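Small disclaimer: the values here were computed from a predicted structure and weren't measured.
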Amino acid sequence: MAEEQTNIKPFPTGATNTGATRQMPHNLPAEQNLLGALLLDNNVMERIDDRLRAEHFYDPLHGRIFQTIMRMIERGQLANPVTLKSFFTGSDDFPDSDAQNYLTDLADGVISISQAPDYAHTIHEAHLRRELILISDQVITDAIQPEVDTPASTQIETAEAHLFRLAENDTASTGLRGFDTIIAASVNQADLARKNDGHLSGASTGLTDLNNLLGGLQRSDLIILAGRPAMGKTALATNIAFHAATTTKTGEAASPVAFFSLEMAAEQLGTRILSERARVDSESIRRGKLDSQEFDQLVTASTAISSAPFYIDDTPALSVSQLASRARRLKRTSGLGVIVVDYLQLLTAQLGVRSENRVQEISNISRTLKAIAKELDVPVLALSQLSRAVEMREDKRPNLSDLRESGSIEQDADVVMFVYREEYYLNKREPEQKMEESVDTFNIRHADWLSKMQSAENKAEIIVAKQRHGPTGSVNVHFEKRFTHFTDLTESTHLPEGF
């Protein structure tokens, strides 16, 4: 990297070379001129990129000077060669007589205060290039001297994880935007929703009432779908995801879907989708108990849906960084509209990141999933388990406090919704006649239970407990357990959309 001419002689720190034959990218004159500009005018700090940190400076001494200036300015104190002198006099950085001289030289040698933002940008770019070189060196070392138990594919994913963290840590903030640009973007979004037949601004869920409540699955949102076992979380997520990947009644374009199934094998998930689309009992498919008509339905359905842009990854114990790299690769090669994770607690933290406890690990995972949603500009639908506290209550409807490791998940999520089937709990509570109870009393209780069972049969409730951009509430839907299929209550007798 070319260096600017300056009158300041770099103070020797031993940080100018990392090896005998290669010099890392740096620009010491840019570092000196930026520091000098800050010492002359503390207001320069307001004009430089707020991503710049002390560790971005090539010369460690310059980084410590920058850190000291920044802290003094934050405290409302004046930062100049005189006020900084006391922080460096007698330190290992300077002999006693040289601290103020060097700080004064920094201020006196400034070429242009107005170019300070450019100096900051140059320093930051050099830092990124140094980091890239270090990552590349590590990749080369790992490839030349691999661990016995580490396949090359894992090394690739580790390298991608390092690059992802570098990009994530260096994400440029949008900063303060003018209200005119914000209003223009809002009108644009409203226009897109107006032109859509389904009046959606996001990907359709395939369920009318849920679409009306959410406006579809919004881009860059982290959506948590939670429930106790046997509530139908995976079935609902599969229905939503496959609906997004196929042509639907509202006419929106199909969106490629990446489905990360950490609990269920890809073939099992495929069987569920085939059962739903062909309207053939999934248990019959699994056991091979199909008559000729049912088998013909399977063949017809498989032909209709086989070309859908629906991609399944059933790698067990997948790390969230591996998920990110695979999703990024899919978007690059085939496009990407929705990401589904089944389920969040089965993911592991980023490669190379150690967490002290499970709560911290879940926090890292949920935060990274939100970062993936923003980076790839797609909705991420992540399934989550609920704590057993639900089972201890009379009312089994879940709430936000039931989320396992709920603090970080609830905080990072844009939408939290629960799936609840009263039929499941009623079925387990069929009344039995008590010893002292009369037949008539028992019959009344049993009739009441039977009435509730009939009312709850094949019904489910989707509870939207949190929505950052809209209202909360609940919607009732039809659920056919045999086909693991959710539909609108008014369309329960119809074939699935797109069939």
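- Ion pairing between a basic and an acidic side chain is recognised when a charged N comes within 4.0 Å of a carboxylate O; Arg367 and Asp412 show no such pairing.
- Formation of a donor-acceptor pair under 3.5 Å by the Lys374 side chain with backbone atoms of Arg219 is not found in this model.
- The salt bridge (Lys or Arg N to Asp or Glu O under 4.0 Å) contacts involving residues 310-324 comprise Asp313-Arg326, where partners must be two or more places apart or lie in separate chains.
- Minimum heavy-atom separation, Val139 to Ala159: CG2-CB, 3.6 Å.
- Judged purely by atom type and a 3.5 angstrom limit, Gln385 has no side-chain atom pairing as donor or acceptor with the backbone of Gln345.
- Considering CG of Asp118 and OG1 of Thr122, their distance stands at 6.5 Å, rounded to 0.5 Å.
- Asp137 pairs by the side-chain hydrogen bond (donor to acceptor under 3.5 Å, both in side chains) definition with Arg22, not counting sequence neighbours.
- Looking only at side-chain heavy atoms (C-beta outward), Pro25 and Arg130 come within less than 4.5 Å of each other.
- Nearest heavy atom pair, residue Thr472 against residue Ala465, reads CG2-O, 3.5 Å.
- A donor-acceptor contact shorter than 3.5 Å is absent between the side chain of Lys466 and the backbone of Leu400.
- At distances below 3.5 Å, at least one donor-acceptor pair connects side-chain atoms of Arg228 with backbone N or O atoms of Leu386.
- Of all non-hydrogen atoms in Ala327 and Phe260, the two that sit nearest each other are N-CZ, 4.3 Å.
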- Task: Tell me, with the steps shown, if Arg468 and Leu222 meet side chain to side chain contact (heavy atoms under 4.5 Å, CB included).
- Result: CA-CA 10 Å; Arg468 204 185 300 276; Leu222 173 59; over 6 Å; no
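- Counting heavy atoms from C-beta on, the side chains of Asp414 and Lys370 come closer than 4.5 Å.
- Checking Asn364, Thr368, Leu318, Ile362 one by one against Leu347, the side chain to side chain contact (heavy atoms under 4.5 Å, CB included) holds for a single residue, Leu318.
- Taking OG of Ser220 as the reference point, atom CD of Glu375 lies at 12.0 Å (rounded to 0.5 Å).
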- Message: If you apply the rule side-chain hydrogen bond (donor to acceptor under 3.5 Å, both in side chains), what do you find for Glu31 with Asn27, and how did you get there?
- Response: CA-CA 7 Å; Glu31 294 182 5; Asn27 193 320; over 6 Å; no
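- Nearest heavy-atom pair, Phe66 versus Ile48, reported as atom, atom and distance to 0.1 Å: CE1-CD1, 4.1 Å.
- Checking side-chain atoms of Asn239 against main-chain N and O of Phe486 turns up a donor-acceptor pair under 3.5 Å.
- Looking at residues two or more places apart in sequence or on another chain, you find a salt bridge (Lys or Arg N to Asp or Glu O under 4.0 Å) between Arg421 and Glu423.
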- Query: Checking side chain to side chain contact (heavy atoms under 4.5 Å, CB included) for the pair Val340/Leu383: CA distance, chi angles, key distance, verdict?
  - Reply: CA-CA 8 Å; Val340 180; Leu383 278 62; 4.3 Å; yes
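- Closest approach of Lys233 to Ser384, counting heavy atoms only: CD-O, 3.6 Å.
- Closest non-hydrogen pair, Asn476 versus Asp209, comes out as O-OD2, 4.3 Å.
- Between Ile372 and Val378, the closest side-chain pair of non-hydrogen atoms is not below 4.5 Å.
- Although no hydrogens or angles enter the test, the distance criterion places a donor-acceptor pair under 3.5 Å between the side chain of Asn211 and the main chain of Thr205.
- In this structure, His56 contributes its side chain and Arg53 its backbone to a donor-acceptor pair below 3.5 Å.
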- Task: Would you please test Phe242 and Val257 for side chain to side chain contact (heavy atoms under 4.5 Å, CB included) and show each step?
- Result: CA-CA 8 Å; Phe242 204 80; Val257 172; over 6 Å; no
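- Between the CG atom in Leu225 and the CG atom in Leu344 there is a gap of 11.5 Å [rounded to 0.5 Å].
- Side chain of Gln467 to backbone of Leu213: a donor-acceptor contact under 3.5 angstrom is found.
- Here the CZ-CD1 distance, from Phe479 to Ile462, works out to 11.0 Å after rounding to the nearest 0.5 Å.
- Here the OG1 atom belonging to Thr234 is positioned 5.0 Å from the CE atom belonging to Met264, to the nearest 0.5 angstrom.
- Using a 4.5 Å heavy-atom threshold, the side chains of Leu214 and Ile223 count as separate.
- Taking 4.5 Å as the limit, every side-chain heavy atom of Gln218 sits out of range of all side-chain heavy atoms of Val415.
- Between Tyr311 and Ser334 the shortest side-chain heavy-atom distance falls below 4.5 Å.
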- Message: Thr246 vs Phe310, test: side chain to side chain contact (heavy atoms under 4.5 Å, CB included). Steps then yes/no.
- Response: CA-CA 9 Å; Thr246 54; Phe310 192 85; over 6 Å; no
- Report the C-alpha distance between Thr208 and Asp488 in whole Å, list the side-chain angles of each, state the deciding distance to 0.1 Å, and finish with yes or no for side-chain hydrogen bond (donor to acceptor under 3.5 Å, both in side chains). CA-CA 7 Å; Thr208 304; Asp488 293 328; 2.7 Å; yes
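- Considering CD of Glu55 and NE2 of His127, their distance stands at 7.0 Å, rounded to 0.5 Å.
- Residues Leu207 and Val475 are not in side-chain contact: their nearest non-hydrogen atoms beyond the backbone lie 4.5 Å or more apart.
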